[in-house]
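Each remark here refers to the structure printed beneath this line.
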Amino acid sequence: MSTPRTASSPRPLIVRLCNMVGDVVLGLPALHLLQSHGWDLHLYGKGWAPKLLAGEGWPCTTRAGSLGERVAQLKSLRAQCQAQDATFDQRINTLVMPNSFSSAFEARWAGLRPAGYRGDGRS
């Protein structure tokens, strides 16, 4: 039986960032709002993202090149988040900001429970 989450317990959320710098910058207010509501953000994006977002204090993983490597990275992030929160797998635990099919597919293949844009065959 897992311990119930208290208000001070971390609530990790994996966030798959958009692929374009401008889109990530425009998404900052949403990330700040999520953080203000108690979410512990774990960002996942392109190679430039960690430097762009360094001042925010959020951990940011750079996406690998191949699909298999990206899924392995997401599985590793999932394990880290499960260690923080026993209820991680019992809820929506990933926000997929790009509207591509592949970004949602990678998250699903890694065993995550994503939410995001409904278009592009992702409904």
Side-chain touch N93/C81, heavy atoms, less than 4.5 angstrom: no

Mind jotting down which residue pairs meet the salt bridge (Lys or Arg N to Asp or Glu O under 4.0 Å) criterion with at least one end in residues 73-82? Sequence neighbours excluded, please. R78-D89

With C60, which residues qualify under side chain to side chain contact (heavy atoms under 4.5 Å, CB included), at least two apart? L17, L43, A49, P50

Hey, is the main chain of A30 close enough, under 3.5 Å, to the side chain of Q35 for a donor-acceptor pair? no

May I ask you to check whether over 12 heavy atoms, not counting those of L67, lie within 6.0 Å of atom CG? yes

Looking only at heavy atoms, the pair that brings P98 and S103 closest together is O-OG, 3.7 Å

Out of curiosity, does L53 fall in the hydrophobic cluster containing L41 (side-chain heavy atoms, cut-off under 4.5 Å, transitive links)? yes

May I have all residue pairs that pass ring pair (Phe, Tyr, Trp, His ring centres under 6.0 Å) and include part of residues 24-69, sequence neighbours excluded? H32-W58

Applied to residues 47-73, the salt bridge (Lys or Arg N to Asp or Glu O under 4.0 Å) test, sequence neighbours excluded, yields R63-E106, R70-E106

Non-hydrogen side-chain atoms of L112 and I14 separated by less than 4.5 Å: yes

Given R91 and D85, is the side chain to side chain contact (heavy atoms under 4.5 Å, CB included) satisfied, shown in steps? CA-CA 11 Å; R91 59 175 168 80; D85 177 9; 3.0 Å; yes

Sub-3.5 Å donor-acceptor pair from the side chain of T87 to the main-chain atoms of Q90, do we have one? no

Decide yes or no for L13 and T94: does some side-chain heavy atom of the first lie under 4.5 Å from some side-chain heavy atom of the second? no

By side chain to side chain contact (heavy atoms under 4.5 Å, CB included), which residues pair with R108, not counting sequence neighbours? P114

Show which side-chain atoms of residues 19-28 pair as donor or acceptor with protein atoms under 3.5 Å away, not counting sequence neighbours.
{"from": "N19", "atom 1": "OD1", "to": "R16", "atom 2": "NH1", "distance (Å)": "3.2"}
{"from": "N19", "atom 1": "OD1", "to": "R16", "atom 2": "NH2", "distance (Å)": "3.3"}

Which heavy atom in T62 sits nearest to a heavy atom in G47, and how many Å separate them? CG2-CA, 3.4 Å

Hey, quick one: are I92 and L34 part of the same hydrophobic cluster, counting side-chain heavy atoms closer than 4.5 Å, chains of contacts allowed? no

